[in-house]
Visitor: 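First the structure, then my questions, so here it is.
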Amino acid sequence: MADRYLSLTGTAPGRFLTRRLGLPQPAVLHRWSPDRPALDGPVLHLTAGPSALDLAPVLVRTGLTVTTRRPEDAAAGDPGTGGTRPAADGSARPAAAVLDATGVRDVDTLAGVHAALHPVVRSVAPSGRIVVLGAPLDPADHHQSAAQQALEGFTRSLGKEIGGGRTVNLVRLTDAGAAGSTLRFLLSPRSAYVSGQVIDVLAAAGSARQADAPRADPGRPLAGRTALVTGAARGIGAAVAETLARDGARVVVLDVPQAEQDARSLADRLGGTALTLDVTAADAGERIAAELPDGLDVLVHNAGVTRDRRLVNMPAERWSSVLDVNLASVLRTTDALLAKGTLRPGGRIVATASIAGLAGNAGQTNYGASKAGIVGLVRSLAPRALAEHGVTVNAVAPGFIETRMTAAIPLFLREAGRRMNSLAQGGLPVDVAETTAWLADPASGAVNGQVVRVCGQSLLGA
Ligand code: NAD
């Protein structure tokens, strides 16, 4: 279902009218395309407080021109040093700013955040990116914890006010090298609908840095890998399969037997294979393992259903069918594929939660429970799966995404769902797919146990 309001505000008279009426002004987002694969300008490297982070090599690998602006430059009104080149439109407007705030330890050094970003925030180009880098909270130092937690409130507030399709995210890290794939994702058009997120990149820094070594073909990070996506015949799952194939993976498109035709034509188009299977079958894990005797690298649990009804009117069957597809089958197949060793070391599991599982939603006690269960699964399994199998476990939590599922929502609720986020529009299946591809990247080994919302910073459950 097309977003007609977004089309209207894209015209001069529509923009004039909606501005006059004080209505939301969604920007047309810059998403990845082969013609426009990167942001259109330099990235500013800013610092607040003393920092020991070796960020420069990681920023260089984003492919963007880096301009370094030290705190003393800001104080002197100096534009900073580095190879700033004009942006595609002839201006040198930064397309992104990365603020290293890992050295912020108290309220005094926190002022450096304001000092660094206040002079430049207005200059960041539309659809630009602000990434704040923080440190893990130190349980032995309540001043450091207060100052670092303050970055979360700062990030989320700036995300809500910045507008123009710009995003603001916080990454907590200890080793810049381990966060390379995360910064490349956040500083690219691939993360167009990810805003207001706090992402911890704290695990296994050494091994992750090794995995982040430059590759023969950086455009195909999943070359030689096999990925299986459940519920991939249509909607978000189909976009995930396409995006993982774009990144070089051989994909297995899994869906129910009724969707066989769609699954096969997608698999044929992507040079992959189709597997028709109901994920709730007791032997689903065994059948997937039998289909993949050489093993699996990326497992995306995307299949999901809704059977909405308020609890007072909900028969047990509506409850159990949703819990079975969305949660129990995910637990069963994950357990089976880990136990059989089908998921190879270096493997990635990405499960699909929902903001309904974080914020709750009237009429969705079954769905909300199933999606919150995914969050519990991820948080508990992630450290063990990494330690015992070398496999990371993360979740994406989509907000309002333009699919058949959301097209079925009554008009007024649908309009509210679309606008109630910082980007004032619904996301596209490809936004969830790009986020999944980042988590599936072999270089994302230090991203584990995270629940990343793809919701344009939805006001729900924020
Ligand atoms: P969709 O209904 O368009 O597609 C779901 C796919 O899963 C279908 O192809 C369906 O046949 C398949 N499927 C359902 N039950 C299955 C089973 N038992 N075995 C195998 N395949 C099965 O849904 P979508 O909007 O693309 O959503 C995909 C995922 O994202 C779901 O987990 C959903 O809960 C989640 N999600 C979607 C939104 C949204 O706005 N669309 C928001 C939050 C979360």
Side-chain angles (χ1 to χ4, degrees), residues 1 3 193 228-243 252-267 274-285 287-288 291 299-308 320-330 332-333 350-361 364 366-375 377-378 395-409 413-414 416-418 420-421 425-433 435-436 451-456 458 460-461:
M1 182 85 42
D3 183 346
Y193 201 62
L228 180 137
V229 185
T230 71
R234 69 172 201 216
I236 294 172
V240 172
E242 287 185 36
T243 303
V252 180
V253 176
L254 184 153
D255 214 299
V256 289
Q258 300 88 301
E260 179 168 6
Q261 213 180 342
D262 287 343
R264 282 205 189 288
S265 61
L266 178 62
L275 176 59
T276 50
L277 174 68
D278 185 327
V279 290
T280 62
D283 63 348
R287 287 179 56 192
I288 292 171
E291 180 78 12
L299 171 61
V300 182
H301 292 293
N302 163 80
V305 291
T306 50
R307 300 273 184 276
D308 297 356
S320 57
S321 59
V322 168
L323 268 292
D324 204 18
V325 176
N326 296 2
L327 182 59
S329 78
V330 175
R332 273 195 303 267
T333 46
V350 182
T352 308
S354 164
I355 55 166
L358 307 176
N361 201 15
Q364 292 198 315
N366 51 359
Y367 185 76
S370 71
K371 296 300 189 179
I374 291 291
V375 175
L377 180 172
V378 164
V396 287
F400 185 103
I401 305 295
E402 305 281 356
T403 62
R404 273 203 224 179
M405 199 184 252
T406 47
I409 299 172
L413 276 178
R414 190 167 68 231
R418 273 180 177 143
M420 281 169 52
N421 59 73
Q425 59 194 287
L428 300 181
V430 72
D431 297 321
V432 183
T435 308
T436 304
V451 177
V452 182
R453 296 164 48 141
V454 186
C455 65
S458 171
L460 301 176

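No hydrogens, no waters, no symmetry mates; every other heavy atom, side chains included, goes into these values. Read the numbers this way: they start at 1 and go in the same order the structure lists the ligands and their atoms. In this text, all values refer to a predicted model and were calculated from it rather than measured experimentally.
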Visitor: Does some non-hydrogen atom of Ala353 fall short of 4.0 Å from ligand 1?
Guide: yes
Visitor: Please state which part of Lys371 comes within less than 4.0 Å of ligand 1, counting heavy atoms only: side chain, backbone, both or neither.
Guide: side chain
Visitor: Where is the nearest protein heavy atom to atom 5 (C) of ligand 1: which residue, which atom, and how far?
Guide: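 The protein heavy atom lying closest is Gly304 O, 3.9 Å.
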Visitor: Between Val330 and Ile374, is any pair of side-chain heavy atoms under 4.5 Å apart?
Guide: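 When only atoms from C-beta onward are counted, Ile374 and Val330 do touch, with a gap below 4.5 Å.
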Visitor: What protein heavy atom is closest to atom 23 (O) of ligand 1, reported as residue, atom name and distance in Å?
Guide: Met405 CE, 3.9 Å
Visitor: Please work out, at 4.0 Å between heavy atoms, whether the side chain, the backbone, both, or neither of Thr406 comes within that distance of ligand 1.
Guide: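 Side chain only; the backbone of Thr406 stays clear of ligand 1.
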Visitor: Which option, Asp278, Val396, Ile236, Thr352, owns the non-hydrogen atom nearest atom 18 (N) of ligand 1?
Guide: Asp278
Visitor: In terms of atom number and element, which parts of ligand 1 are under 4.0 angstrom from non-hydrogen atoms of Thr403?
Guide: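 Answer for ligand 1: 25 (O), 41 (N).
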Visitor: State which residues pass side-chain contact (heavy atoms from CB on, under 4.5 Å) with Ser265; sequence neighbours excluded, sorted by chain then number.
Guide: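 By the side-chain contact (heavy atoms from CB on, under 4.5 Å) rule, Ser265 matches no residue at all.
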Visitor: Looking at side-chain heavy atoms only, is the closest gap between Asn421 and Cys455 below 4.5 Å?
Guide: no
Visitor: Please check: side-chain N/O of Thr230 versus main-chain N/O of Asn302, any donor-acceptor pairing under 3.5 Å?
Guide: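 Judged by distance alone, yes, a pair lies under 3.5 Å.
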Visitor: With a 4.0 Å heavy-atom cut-off (strictly under), which part of Pro398 contacts ligand 1: side chain, backbone, both or neither?
Guide: both
Visitor: Does the side chain of Val396 come within less than 4.5 Å of Ile236's, by heavy atoms?
Guide: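 Not touching, per the 4.5 Å side-chain cut-off.
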Visitor: Please say whether Ser354 places an N or O atom under 3.5 Å from an N or O atom belonging to ligand 1.
Guide: no
Visitor: Is a donor on one side and an acceptor on the other found under 3.5 Å between the side chain of Arg418 and the backbone of Gly426?
Guide: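 No: the side chain of Arg418 does not pair with the backbone of Gly426.
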Visitor: Any donor and acceptor pair, going by atom type alone, linking the side chain of Arg332 with main-chain N or O of Thr280 inside 3.5 Å?
Guide: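 Yes; judged by distance alone, with no hydrogens or angles, the pair exists.
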Visitor: Starting from atom 36 (N) of ligand 1, which protein heavy atom do you reach first, and at what distance in Å?
Guide: Tyr367 OH, 3.5 Å
Visitor: For atom 3 (O) of ligand 1, what is the closest protein heavy atom, and at what distance to 0.1 Å?
Guide: Arg234 NE, 2.9 Å
Visitor: I need the nearest protein heavy-atom contact for atom 42 (C) of ligand 1: residue, atom name and distance, please.
Guide: Gly399 O, 3.1 Å
Visitor: In the protein, which heavy atom is nearest to atom 7 (O) of ligand 1, and how far is it?
Guide: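 For atom 7 (O) of ligand 1, the nearest protein heavy atom comes out as Gly231 CA, 3.3 Å.
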Visitor: Counting N and O atoms only, with roles assigned by atom type, does the side chain of Tyr193 sit under 3.5 Å from a partner on the main chain of Gln425, one being a donor and the other an acceptor?
Guide: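 Yes; at least one donor-acceptor contact below 3.5 Å.
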Visitor: Using a heavy-atom cut-off of under 4.0 Å, does the side chain or the backbone of Pro429 touch ligand 1, or both, or neither?
Guide: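 The answer is neither.
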Visitor: Going by heavy atoms in the side chains, are Thr403 and Thr406 under 4.5 Å from each other?
Guide: yes
Visitor: Restricting to side-chain hydrogen bond (donor to acceptor under 3.5 Å, both in side chains), what partner residues turn up for Gln364, sequence neighbours left out?
Guide: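 Only Asp308, Asn361 meet the side-chain hydrogen bond (donor to acceptor under 3.5 Å, both in side chains) criterion with Gln364.
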Visitor: Answer yes or no: is there a donor N or O on one side and an acceptor on the other, between the side chain of Lys371 and the main chain of Ile355, under 3.5 Å?
Guide: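 No, the answer is negative, given that no donor and acceptor are paired below the 3.5 Å cut-off.
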Visitor: Counting non-hydrogen protein atoms only, what is the nearest one to atom 16 (C) of ligand 1? Give residue, atom name and distance.
Guide: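 Residue, atom and distance for the closest contact: Val256 CG1, 3.7 Å.
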Visitor: Identify which of Leu277, Leu275, Thr230 has a heavy atom lying nearest to atom 20 (C) of ligand 1.
Guide: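 Residue with the shortest heavy-atom distance to the ligand atom: Leu277.
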Visitor: Just so I know, are the side chains of Thr436 and Thr243 near enough to count as touching, which here means a heavy-atom distance under 4.5 Å?
Guide: no
Visitor: In the protein, which heavy atom is nearest to atom 14 (C) of ligand 1, and how far is it?
Guide: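 For atom 14 (C) of ligand 1, the nearest protein heavy atom is Val305 CG1, 3.8 Å.
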Visitor: Between Gly235 and ligand 1, does any nitrogen or oxygen pair lie at a separation below 3.5 Å?
Guide: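 No: no nitrogen or oxygen of Gly235 is under 3.5 Å from one in ligand 1.
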Visitor: Atom 12 (C) of ligand 1: which of Asp255, Thr280, Ile401, Val300 has the nearest heavy atom?
Guide: Asp255
